[in-house]
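In what follows, chains carry the letters A, B, and so on, assigned in the order in which the sequence lines appear, proteins first and then strands, with residues in each chain numbered from 1.
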2 protein chains.
Amino acid sequence: MARRNQHSKEELRAMAIEALADLVEREGVDNFSVRQIAGKLGYTPGMLYHLFVNLDDLILHLNAQTLDALNARIDQAAGHGDPMAVLKAMAFEYLRLAREHTALWQLVFSHRMANQAPVPDWYVDRTRHMFEQVEVQLKDWVPAADQRQRQVMARTLWGSVHGICLLHVENKLNVAGDVAPEAMLESLLDHYLSSCAREGEK
Amino acid sequence: MARRNQHSKEELRAMAIEALADLVEREGVDNFSVRQIAGKLGYTPGMLYHLFVNLDDLILHLNAQTLDALNARIDQAAGHGDPMAVLKAMAFEYLRLAREHTALWQLVFSHRMANQAPVPDWYVDRTRHMFEQVEVQLKDWVPAADQRQRQVMARTLWGSVHGICLLHVENKLNVAGDVAPEAMLESLLDHYLSSCAREGEK
DNA sequence: CACGGTATTGAACACCGTTCATTAATGTTG
DNA sequence: CAACATTAATGAACGGTGTTCAATACCGTG
């Protein structure tokens with residue numbers, strides 16, 4: 001009962017991540033198990049522990065993949081246009097992924113490390129990337145602001161964008177007449193950024 | 001082994017909610033179980049199912065209690081001052097609860113109904129209350145805006161406040177130099193609200 | 001005191017993540 | 001080609017989970 005397949009360890013890792021992604025997208029954020037993942041691959045549960053240190057580790061790898069997709073979209077949006085247009089495009093890409101791959105997106109932001117194991121660097125790097133891209137745009141938008149101020153603005157803005165997308169995705173907004181999340185992102189960026197710019201001028 | 005205590009069903013329900021609250025605050029959002037809750041009360045697990053339809057139901061009741069505390073603070077903040085000051089006070093109260101009772105606050109916003117059982121009305125009412133209080137303030141702040149616009153603004157603003165508090169509480173902000181969440185809330189409200197007011201004037 | 005009603009039990013069920021000695025297939029050597 | 005060493009994979013076990021439900025032990029009433 002050994003070496004039934006000719007897959008390399010790296011191939012198997014990729015297959016396991018893909019199996020988990022499939023499962024999550026099909027059945028929802030909290031409806032998967034080690035046994036189901038292994039089953040999809042045609043293996044027994046224990047085998048997965050030769051590929052990943054535990055389930056958290058596997059989830060982390062899938063989340064990294066999702067963050068890569070998110071960053072790719074954001075980088076693409078950064079391409080051209082004035083900062084306002086670029087930041088809007090970025091926010092809309094953020095929302096688009098949250099919409100089109102809701103469960104994967106939720107997994108990224110809802111997953112908490114079970115043990116208090118520290119989040120690995122290669123994971124933190126991917127989340128930092130987003131904030132940096134926002135800061136780059138703010139450098140153009142409010143040239144008068146110093147780095148510290150831009151840091152506050154970038155976090156404020158992106159925390160806000162995140163909150164809006166989150167409430168939408170979790171259906172926590174359908175109290176008393178729903179509002180399209182696009183309208184909310186538009187409102188946020190228009191008003192927040194225009195006021196920041198005005199302050200920078202004076 | 002029956003009727004060992006003289007507690008009414010309603011008393012027992014309150015005790016169970018309190019036991020869960022204790023457990024969550026002490027051990028974290030995802031570190032409790034039916035058996036632990038029952039143990040704290042000196043009962044067996046099965047007994048809890050005569051008080052609540054299931055664990056989700058119990059959690060929902062605790063969350064309602066937390067939302068009541070949140071609403072009480074927000075109502076108190078609504079007392080006096082100009083809308084800008086009141087909204088800032090509200091946002092800071094939101095953050096304060098998130099800080100002081102992090103686990104309870106997380107439980108409110110991280111809990112997803114296991115079965116797709118609909119969220120009961122008495123729960124939705126409590127979340128609506130918050131948005132309504134924000135809208136009331138906006139009525140004073142941007143009198144020119146119609147109800148629809150205020151609805152968008154209230155959701156945009158409160159979704160943003162929520163996002164900022166969330167990222168803080170989940171420690172997702174300590175990438176590259178941390179920023180105090182107070183500064184972020186201040187930045188958000190100052191800029192977003194001042195721009196909204198300006199647009200209302202013209 | 002006996003009875004009926006009910007509050008509570010405790011065992012069972014089907015799952016969960018994780019560990020690890022054992023097994024079976026491979027690659028290597030004599 | 002046979003014997004051995006290596007390693008991929010197993011499968012059983014452990015201690016946990018939420019939930020159900022027949023049986024039970026207690027209580028107030030008649």
Tell me if the centroids of the rings in H129(B) and W158(B) come within less than 6.0 Å of each other. no

Y94(B) vs F109(B) aromatic rings, parallel, tilted or perpendicular, using cut-offs 30° and 60°? tilted

Please state whether the rings of Y192(B) and H191(A) are parallel, tilted or perpendicular, taking 30° and 60° as the class boundaries. perpendicular

Atom-pair distance ([atom1] on [X]; [atom2] on [N]), nearest Å:
X	N	atom1	atom2	answer
L60(B)	dG18(D)	CG	P	17 Å
N54(B)	dT17(D)	CG	P	17 Å
F52(B)	dT19(D)	CZ	P	13 Å
Y43(B)	dA7(C)	OH	C1'	8 Å
L51(A)	dT18(C)	CG	C1'	15 Å
L48(A)	dG17(C)	CG	C1'	11 Å
M47(A)	dT18(C)	CE	C1'	16 Å
K9(B)	dG5(C)	NZ	C1'	13 Å

Is it the case that the side chains of Q147(A) and R150(A) hold a donor-acceptor pair, with the cut-off being a distance below 3.5 Å and no angle test? no

Axis-to-axis angle across the helix from dC1(C)-dG30(D) to dG30(C)-dC1(D), five pairs each end, nearest 10 degrees, ~ 30°

Can you establish whether the number of heavy atoms outside Q76(A) located under 6.0 Å from its atom CD is more than 12? no

Do R35(B) and dG16(D) share a donor-acceptor pair, side chain to base, under 3.5 Å? no

Between Q36(A) and V53(A), who's closer to the 5' end of DNA chain C by nearest nucleotide? Q36(A)

Please compare H50(A) and V34(A) by the position of their nearest nucleotide in DNA chain C and report the one closer to 5'. V34(A)

Start with the C-alpha distance between V179(B) and R148(A), add both sets of side-chain angles, then the distance that settles side-chain contact (heavy atoms from CB on, under 4.5 Å), and finish with yes or no. CA-CA 9 Å; V179(B) 173; R148(A) 181 71 191 160; 4.3 Å; yes

Which is true for L41(B) with a 4.0 Å heavy-atom rule: it touches a base, it touches only sugar-phosphate, or it touches nothing? nothing

Distance test, side-chain N/O of T44(A) to OP1/OP2 of dA9(D), below 4.0 Å: no

Nearest to the S33(B) side chain among dT17(D), dT19(D), dT9(C), which nucleotide is it? dT17(D)

Using the side chain to side chain donor-acceptor pair (under 3.5 Å) rule, take D56(B) and H111(B) through it: C-alpha gap first, then chi angles, then the decisive distance, then the call. CA-CA 9 Å; D56(B) 269 3; H111(B) 180 249; 2.9 Å; yes

